[in-house]
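Everything on this sheet refers to the single structure shown next.
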Number of protein chains: 2
Amino acid sequence: MTAQRNEGRTAPAGSSETVAQDSLAPEVPSARERARAIPEAAVARLAVYLRVLSTMAEQGVTTISSEELAAAAGVNSAKLRKDLSYIGSYGTRGVGYDVEVLVDQIERILGLTRKHSVAVVGIGNLGHALANYGGFPGRGFPVAALFDVDPDLMGVPVGGIPVEHVDDIPTVCAEREVTIGVIATPPAAAQLVCDRLVSAGVQCILNFAPVVLQVPDDIEVRKVDLAVEMQILSFHVARRADEATEHEASADAATRANGARVAAADQVGVRR
Amino acid sequence: MTAQRNEGRTAPAGSSETVAQDSLAPEVPSARERARAIPEAAVARLAVYLRVLSTMAEQGVTTISSEELAAAAGVNSAKLRKDLSYIGSYGTRGVGYDVEVLVDQIERILGLTRKHSVAVVGIGNLGHALANYGGFPGRGFPVAALFDVDPDLMGVPVGGIPVEHVDDIPTVCAEREVTIGVIATPPAAAQLVCDRLVSAGVQCILNFAPVVLQVPDDIEVRKVDLAVEMQILSFHVARRADEATEHEASADAATRANGARVAAADQVGVRR
DNA sequence: CGTTGTGAATTAGTTCACAGCA
DNA sequence: TGCTGTGAACTAATTCACAACG
């Protein structure tokens, strides 16, 4: 609904890529253009590598091979090296990578050198939990504003920030230069809140509400959807059960027995 | 790093597919085998279609075309039809799909006809919020147990379920036939908790802790990682900023001005 | 007709495998 | 010698485009 949308945009697909700009400026794979070239899937993994590397650094590790880092991140080393190659060549052949250098470079690519002010909308169970993280995960994401509609919450500080009314989203967000909006409202309110955030100049939205948001296509939306996650898991349980009944003749306990065969699931790629 | 892993398994890739079984039983693309064939990405979207369809049904909609459903789900219609085709042919050419039929079929494929008992481990901010949902999203996921290490929490009911000690995970989970474990502990405790859940027979894990879990490869793990999500958004903010400075000559306000061009972002596919 | 269902074409992402370098 | 960086090969996912059909 609210379907003024237009999925099929104008471009006939399979045409552009680096196009859409003037044909002057021959080729500048600068840091800017380089960034565009990083596959979406790789970006998600870079964030994981960053965390692993930070942990390593804390433990005093200064150098690490692709094999080691890959194991710790739950991916294979070829993928890891390919991912790192998107951001440049910072390894030393025969040796590995300098942990600190890698941390710096990944932070640079992910734009973590900037501060990204965050607004959380919907201070219920979840919003409360989010606000209490006080300065989002990994720092660099200060919570600049909280919003709700509940009159009882107005002015009440959560995690040190007073709750304001959702009607004030446009003014407050614009004023505090919020770039990331987090929606933790009931589903019915999500689209309205989203529209306000967008009109306030917010560029990216993290949506916890179980609805599909309609947004201008220059707004980046990521969603975290509990129900979907649970149902995907349910699917796998079901598939497994089916397989079991399928060939329920052969070894059964035999398979279950060697529960020691540990292999880091590729949890990085959002899917397997 | 607990790295007994072995990413490169034995199979030389590009060999199997439907293999690995006896060559008798010629070909049975039964519901079971059919399930195996559904692309992971499609499964995630089916869950979204299901929600949209349920909402539709509530509103009295009985029939819907691929174009309409696709719009509401934020995907294009070709993808939607392809996704639905994985589960069977339930549409009527020239007409569309019967909403109720589709709901039933998707629920069947996702295994939502079964009950999946859930255990939540780590009753902090987030765990508390999760437990309070009381019976996870969309029903069918009853919370059967809560665990923590905090002595003050032992026996305290949260969302109607008393908190038990993590040491009891193996016995309690096995006893109550928990199939899905939710980890909402601090990162340091996550792997240990995960190991216990696995030894208790839990098949799938939803991990909110910012660590890469090492699990036997017959365990399905999905992760929800706030920090990663925020950093992906950060990346996009940064890229955008770079692009802006890039060709800061031409129209600037012009682009920002027509903020009305709404197009449902493809929020379904976990990525774009 | 109008819309589904699906092979074929395309694009994105992963893995292989090895040349090249410290 | 050992490990990175990457072209080439492969696999997965998406999109096209149209025949089939109620």
Side-chain angles (χ1 to χ4, degrees), chain A residues 7-9 11-19 29 34 36-46 49 63-71 73-98 101-102 105 266 268-272, chain B residues 7-19 29 34 36-46 63-71 73-98 101-102 105 266 268-272:
Chain A
E7 194 68 40
R9 10 285 164 65
S15 60
S16 55
E17 175 88 317
T18 324
V19 190
R34 161 80 58 59
R36 158 109 52 131
I38 303 179
E40 189 71 16
V43 173
R45 288 191 297 265
L46 284 170
Y49 304 154
T63 292
I64 194 168
S65 70
S66 63
E67 202 66 54
E68 294 169 311
L69 179 51
V75 300
N76 69 43
S77 62
K79 195 190 286 184
L80 176 111
R81 288 200 301 278
K82 179 70 86 178
D83 287 344
L84 292 184
S85 79
Y86 294 128
I87 68 173
S89 297
Y90 302 106
T92 307
R93 290 164 200 244
V95 179
Y97 301 89
D98 181 279
V101 168
L102 230 40
Q105 293 305 323
D266 184 347
V268 165
V270 186
R271 67 193 45 151
R272 283 195 197 231
Chain B
E7 195 69 41
R9 12 289 165 60
T10 334
S15 60
S16 56
E17 175 89 315
T18 323
V19 191
R34 159 82 57 60
R36 160 108 54 126
I38 304 180
E40 188 72 15
V43 173
R45 287 190 298 263
L46 283 171
T63 292
I64 193 168
S65 71
S66 64
E67 202 67 52
E68 293 169 311
L69 180 50
V75 301
N76 68 45
S77 62
K79 194 190 286 184
L80 175 112
R81 288 199 301 277
K82 178 70 86 178
D83 287 343
L84 292 184
S85 80
Y86 294 128
I87 69 173
S89 294
Y90 303 107
T92 307
R93 290 166 199 243
V95 179
Y97 302 90
D98 181 279
V101 169
L102 230 40
Q105 292 304 324
D266 184 346
V268 165
V270 185
R271 69 193 47 153
R272 285 196 191 228

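This structure is a prediction, so every number in the text was calculated from the model and none was measured. Throughout, a chain's letter reflects where its sequence line sits, starting with A, and its residues are numbered from 1.
- At the phosphate of C:dT14, OP1 or OP2 sits under 4.0 Å from a side-chain N or O atom of A:Arg45.
- Remark: C1' of D:dC3 and CG of A:Leu102 are 14 Å apart, rounded to the nearest angstrom.
- Considering only the side chain of A:Ala41, C:dG13 comes nearest among C:dG13, D:dA13, C:dG5.
- Per the geometry, NZ belonging to B:Lys82 stands 15 Å off P belonging to C:dT10, to the nearest Å.
- For the atom pair CG (A:Asp83) and OG (A:Ser66), the distance works out to 11.5 Å, reported to the nearest 0.5 Å.
- Note: CG (B:Asn76) to P (C:dT10) measures 17 Å, nearest angstrom.
- Comparing A:Asp83 and A:Gly94 along DNA chain D, the residue whose closest nucleotide (by nearest heavy atom) sits nearer the 5' end is A:Gly94.
- For A:Arg93 against D:dG2, no side-chain N or O and base N or O form a donor-acceptor pair under 3.5 Å.
- Close to C:dT3, at under 4.0 Å from its OP1 or OP2, lies no side-chain N or O of B:Ser66.
- For A:Ile87 and D:dG5, the CD1 to C1' distance is 13 Å, given to the nearest whole Å.
- The residue among A:Val95 and A:Ala78 whose nearest nucleotide of DNA chain D is located toward the 5' end is A:Val95.
- Checking the phosphate oxygens (OP1, OP2) of D:dT4, no side-chain nitrogen or oxygen of A:Thr92 falls inside 4.0 Å.
- In terms of phosphate contacts, B:Tyr97 brings a side-chain nitrogen or oxygen within less than 4.0 Å of OP1 or OP2 of C:dG5.
- A heavy-atom distance below 4.5 Å is not found between the side chains of A:Gln105 and A:Tyr97.
- A side-chain donor-acceptor contact under 3.5 Å links B:Glu68 to the backbone of B:Ser65.
- The nearest whole Å value for the distance from the CD1 atom in A:Ile38 to the P atom in C:dT14 is 14 Å.
- Neither side chain, B:Asp98 nor B:Tyr90, offers a donor N or O lying under 3.5 Å from an acceptor on the other.
- Atom CD of A:Glu40 and atom C1' of D:dA13 are 15 Å apart (whole Å).
- A:Tyr86 has its OH atom 17 Å from the P atom of D:dT4, to the nearest Å.
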